[in-house]
Amino acid sequence: MMVSNLQPLFAALLLTAVNVQALEEFIMPRMQQNTYLSHAQPAEQFGLRTVPGTDGPVIAGSAVIPPDQKVTVAFESGAIPLIRVRNNESGKAMNALIDSGSPVSWMEFGTSRDFDAVFLGSGKERLRYPGPLNTGGAPGYAAVIPRMDLGYVEISNTPLYVRMALHSLGPFARGIEAPQVDAAFGYDFLKDFEYARFDFRNREVLFSSSDIYVPDVDLLMSVCRITEVPEGGLAVQGSISGVPSNIILDMAGDYFFSRGDVKVNVTRQVSLGDVVWRKMPTLLLPTGSKRAPRAGRKMLEKYIVTVCPKRGVVYFERFPE
C-alpha cells in the first residue's frame, strides 16, 4: 500500500490543481510523479510478473477473481458500456468504461489514490507504458489495484496503467464527457473472465468467472473465432466485401465502422461469421494504416454479444421478440 505520509501531499496537489483549473485536466509535475513512483513494489508481490515487450518491459498476469461467480452490472450512460465499480470495504466508487478495443486498462490518477493503487517496479526501474496507444501527453505507469468490486464480486490485484493526470483520462475516455470516465478496462480485463455478455438493449453486461456460456440455439446468429492483431484488443475473424480480415470489436467506440486500407464513407459489406452488415457508415483510420479495421458499438449493438476469451469465441445472438 502507499505509505500514509503521501496523503497530505496528494491533498495539497489536488487542491492546487482545482485552484488552477477547476476540474480540468492537470498533468502532474515530474517531482510529484517521482514521489509516488519511488514507492513502487515488485510485481511478484501481487502474483504478477515483469516480461519483455516489443517496446519495453510490461506486466504479465491476471487479476484474482473468485470461481463460480456471476454478476450483472447495469450501464451508467445509455447504451455505452460504462459501469459502476466500487470498493465495498472503503465505500469508494468509480465509473469504468469497458473498452474491448484496447489491449490494456487505464485509470485516472485521483481514482487510483481512492482505490489504493500500488505502482509496480523493482529497484530504480519504473514500468512506464511503452506504447503504442496515445496517452494524451501524460505518461502512464504500471500499477495494481488491490481490491475492487463488481457488485458483490471482489476482484483482487488488478493490473493496469495509471495515467499521471488529475480529473481526466484523456483519450481513454473516448470522448465521453458526462458522466466522467474514471477508468477504462481493456481486453486484458475481459480475459480474466470465462465470459462477458453485452446486452445493449437492456443496457447491462453479465460477467461470469467460471460457467461456460451456452447460447440460445433459437437466437444464435453467428460464432466468430477470436484472433490476434498487432495492436491488441479483442479481434475476430471476419471479412470486408468478401475479403477475409481480422476485425477489432470496439464496444466503447461511438461509431459504426472504421478502416484505413481505403478512403470510403460507406463500406459495402462487413461480415462477422454468418452476420452481415451492409452499407456501413465508415470512419477513416490513418490512410495506409496497418491497424486492423474496427467494428464500433453502433454496429454491434443490434445483437447480444458474448465474449468467451478462454474458449476463444464470440457469440452473436438476436434479441428475443
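Atom set for the values below is all heavy atoms of this structure, side chains included, hydrogens, waters and symmetry mates excluded.
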Any side-chain heavy atom of [X] sitting closer than 4.5 Å to one from [Y]?
X    : Y    : answer
F256 : W277 : no
Y141 : Y36  : no
R278 : Q269 : yes
R147 : I155 : no
F193 : L150 : yes
I83  : F185 : no
L133 : P103 : yes

Task: Derivation and outcome, side-chain contact (heavy atoms from CB on, under 4.5 Å), residues D254 and I80 - done: CA-CA 8 Å; D254 189 28; I80 299 170; over 6 Å; no
Task: Over-ring placement of R113 relative to F109, 6.0 Å and 45° cut-offs - done: yes
Please output the side-chain donor-acceptor pairs of residues 306-321 that fall under 3.5 Å, not counting sequence neighbours, one pair per line with the distance.
from : atom 1 : to   : atom 2 : distance (Å)
E317 : OE1    : Y213 : OH     : 2.5
E317 : OE2    : D216 : N      : 3.0
R318 : NH2    : D218 : O      : 3.2

Task: side chain to side chain contact (heavy atoms under 4.5 Å, CB included), paired with S100, selected from L234, I248, L300, V305 - done: L234
Open item on the list: Listing request: all salt bridge (charged side-chain N to carboxylate O under 4.0 Å, His left out) pairs with a residue in residues 171-200, at least two apart in sequence or in separate chains.
Closed with: D99-R174, R174-D250
- [ ] Rounded to the nearest 0.5 Å, what's the gap from CG on L249 to CZ on R294? Could you check?
- [x] 9.5 Å
